[in-house]
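Scroll down for the structure; my scribbles are underneath it.
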Amino acid sequence: MIGGFFMNARLDEQLASEEITLSVQGMSCSACATRIERTLARMNGVEEVAVSYPLRTAWVRRNQAIIDIVGLVEKIEKLGFKAHIHQSTVEDMLLEKRLLGKRLLWACMFTFPLILSMLQHFSLLHPFAAMLPHWLFAPWLQLLLATVVQFIIGIPFYISAFHAIREKLANMDVLVVIGTTSAYLYSHYEVFRNGLDGLIRYSSYRDVALYFESSAVVITAVLLGKYIELNASLKLQQGHEPFSQLEVDHCFVEREGELQKIPTHFVKIGELVHVEKQQYIPVDGIVHDGEAYVEEALLTGEQGLISKSIGDRVWAGTYQSQGKLIIQTTATGHQTMLNRIRELVKQGQRSKTNLQRQVDKVIRWFVPAIIAFSFVTLLCWLLWGEAGSLFEGVLSALAVLLVACPCALGLAAPISLAITSSRLVKHGLIVKDAGTIEELSHINAIVFDKTGTLTQGRLTLSYVKGLTMTRTQLLSIAAELEKNEEHPIAKAIKDEVGANNQREHQYEVRDIHSFAGKGVHGYINNQRYLVGNIKLLEQFNIQLPKYIIDEATKRYECGETIIYCVQENRCIGLIGFSDGVKESAKHSINQLEQLQVKVLMATGDHLAPAQSIASAVGINHIRSNLLPEQKLELMKELQHEGLSVAMVGDGWNDAPALAGANVGIAMSNSTEAALHAGHMTLLYPQLSSIPLAIRMSRMALRNIKQNLGFALIYNSIMLPIAALGFLQPWMAGVAMALSSVCVVFNALLLHVRFNKAEMVGGAHVT
Ligand code: ADP
Ligand code: MG
């Protein structure tokens with residue numbers, strides 16, 4: 001009763017919990033993302049939240065009973081941003097780009113005359129200044145132009161800074177606003193200190209220099225920086241949604257005896273969907289009727305056209321190039337493999353790496369620290385500068401505010417990581433957590449499972465020996481025990497029995513129990529049977545006569561995988577399997593060794609067949625006869641030696657080791673299980689993606705560190721220079737905008753580096 005209550009409570013909890021993604025507009029740097037994240041996290045009913053600046057999204061897991069979407073949207077809007085239910089970030093970003101583009105254009109137009117007026121600051125350029133009309137230097141014109149830029153074009157900076165200060169969390173806009181407003185007001189002081197005459201006094205380039213251009217140039221430069229950054233993010237987003245064009249809005253369904261065209265997400269499970277040639281398949285399902293050729297490289301990595309006929313599985317998002325199919329629906333909408341993979345990719349992108357978390361902490365303190373430093377600069381100039389150094393003091397303090405760039409810090413990691421994870425998707429690798437990319441770059445040992453990972457997992461029966469019964473009887477008993485098993489051994493037996501249609505008996509089967517890494521135990525017609533390896537036999541205390549052991553040893557030495565069949569306490573037969581090595585295995589292992597990664601094989605199989613596979617692919621370290629939990633122990637042992645370990649295995653019986661490794665890579669032999677296990681999923685069977693992924697993750701980390709290093713060096717060199725008065729405020733603003741553009745460009749260079757890595761790795765991209 002109580003148990004029931006708790007179960008219901010848990011069920012209610014699960015039902016009440018919902019994940020949503022909101023598009024957020026108006027963020028100006030990653031400090032904004034941090035601000036939204038912290039505010040939402042404090043709300044009652046919000047269970048988990050992640051906000052991404054480059055992707056312009058907020059992902060929230062909320063308790064539906066406590067908080068509704070409107071509440072979340074209102075909260076975000078209160079912070080000064082716009083939010084709505086996420087449909088396509090790309091469209092939002094295109095809109096943002098258009099608006100920003102217009103603002104930038106206006107800003108350039110109004111700033112250009114001010115830039116010309118800057119000629120007056122440099123005596124070398126005075127001859128050029130003399131060629132320009134006098135009125136260009138008129139204080140009233142400069143004031144007018146600067147006012148438009150400051151308060152009309154620049155108003156969004158004020159709004160954003162206002163919201164940030166209200167939340168006691170400073171962002172980059174706060175620096176921009178304080179810096180430019182002070183520069184602007186200081187120029188007022190220069191103009192008006194001798195009364196209103198200053199506005200219309202005869203002006204020429206020889207007059208005292210005004211600093212109106214500082215504020216305008218900084219605002220324009222920041223806008224330009226943002227524009228470039230937005231373009232980069234947009235490119236990223238477009239590359240990011242590789243699966244989005246594959247969805248089909250409407251499809252034809254058999255209903256009430258006729259074909260009806262309905263929106264795809266209204267199709268119910270079990271309904272029959274008709275798909276003509278040259279169309280994307282709209283649902284996951286099983287072919288009910290018809291024959292066709294389908295391209296499914298994106299989901300399975302299998303190249304070329306794959307023939308489909310009655311009983312075959314098909315997936316939404318794959319392309320039917322020839323033929324006609326009637327598909328019985330097994331999943332639609334969010335449940336399709338396509339959408340689940342997409343969700344995983346997104347989940348990976350919204351999570352943060354350790355490095356990023358540390359940077360976030362720095363960013364939170366960065367802006368207040370800069371404001372304080374700017375005050376200190378002014379004070380120092382006033383205290384220790386020569387008399388009348390208020391002017392230099394103010395300019396230096398302004399330069400400090402304007403040169404500091406939290407953006408370069410905040411952008412360093414997210415863009416590089418997003419580029420990396422979307423590139424990995426192209427190679428069939430789904431990263432479920434951004435931290436995995438960081439971990440992957442540190443990997444120096446990798447453990448491969450044998451069956452289905454290094455080998456093709458398509459076992460063929462190479463040997464059957466019935467001792468007390470015929471081959472046919474032996475196989476049909478084994479097939480009966482393996483009926484619900486997914487292991488490649490089980491599949492091979494069932495295929496053999498099914499193919500020869502050898503099932504002549506009707507069995508009464510009960511109490512089937514499978515032992516991971518050992519085999520199966522159960523009762524058929526009230527007699528006990530076992531099918532499995534020597535460990536299973538040991539567990540049930542079954543002794544083998546010497547001639548059987550000798551026979552099995554002979555087969556092992558030929559590289560075969562052998563299982564024993566036992567009736568009651570007596571061995572009744574042996575079944576041997578052989579399996580081909582994956583084409584990509586040898587090359588990939590070679591690549592891994594070049595990357596200084598120690599390669600091991602861990603298998604539940606006997607040593608001899610393990611050795612034969614290992615020597616075929618070039619692995620020197622073998623651990624055989626391991627149970628799933630012993631594979632996990634192996635992970636711990638290697639980690640204990642100080643190694644950072646990746647495990648590559650299948651989703652179901654290697655799951656403990658996958659979870660225990662620093663990076664668990666699940667092979668998608670059985671896609672269902674693989675999606676859940678480990679930190680990464682390899683959708684395609686080729687192993688060459690693995691060394692490539694390690695190489696790419698190392699490049700990404702190097703790139704992030706370069707960017708962080710650059711931001712650090714930039715700030716620590718430029719801040720003192722600005723404080724000592726060597727930088728005009730406008731130069732400081734331009735330097736700041738340039739520095740964040742540099743970071744974005746360096747991150748984008750990853751594309752080029754990845755292209756090179758792909759050529760070296762010889763990996764094939766779909
Ligand atoms: P690997 O590490 O090579 O992938 P597994 O851990 O999946 O191997 O399995 C180890 C061994 O356990 C197999 O070689 C086989 O002898 C035995 N085994 C596992 N599952 C089954 C099964 N369903 N039927 C018979 N034998 C099995
Ligand atoms: Mg396996």
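Note that the coordinates shown come from a computational prediction; the quantities given were computed from them, not determined experimentally. Whatever order the structure lists ligands and atoms in, that order sets their numbers, starting from 1.
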Polar contacts were defined as any N/O atom of the residue lying under 3.5 Å from an N/O atom of the ligand; does this apply to Asp654 and ligand 1? no

Return a yes/no value for Ile563: is any of its N or O atoms, backbone included, closer than 3.5 angstrom to an N or O of ligand 1? no

Donor-acceptor contact below 3.5 Å, side chain Asn444 vs main chain Val597: no

Out of Gly517, Ala516, Ala492, Ser514, the nearest non-hydrogen contact to atom 12 (O) of ligand 1 is supplied by Gly517

Under-4.0 Å salt bridge between Arg623 and Glu637: yes

Min N/O separation Gly604 to ligand 1 under 3.5 Å: yes

Strictly by modelled atom types, are Glu482 and His487 linked by a side-chain donor-acceptor pair under 3.5 Å? no

For Thr603, atoms of ligand 1 separated by under 4.0 Å from a heavy atom: 1 (P), 2 (O), 3 (O)

I need the contact type for Asp449 against ligand 1. Using non-hydrogen atoms and a strict under-4.0 Å cut-off, is it side chain, backbone, both or neither? side chain

Return the option from Arg623, Lys535, His487, Lys631 holding the heavy atom at the smallest distance from atom 20 (N) of ligand 1. His487

Report the part of His606 (side chain from C-beta onward, or backbone N, CA, C, O) that has a heavy atom under 4.0 Å from ligand 1; answer both or neither where that applies. neither

Please check: side-chain N/O of Gln567 versus main-chain N/O of Tyr529, any donor-acceptor pairing under 3.5 Å? no

Geometric N/O contact Thr451 with ligand 1, under 3.5 angstrom: yes

Thr332 side chain vs Val283 backbone, donor-acceptor pair below 3.5 Å: no

Result for side-chain contact (heavy atoms from CB on, under 4.5 Å) between Thr472 and one of Leu474, Thr470, Leu475 points to Thr470

With nothing but distance in play, are any N or O atoms of Asp650 less than 3.5 Å from an N or O of ligand 1? no

Flag, side chain of Lys535 to backbone of Gly517, donor-acceptor distance under 3.5 Å: no

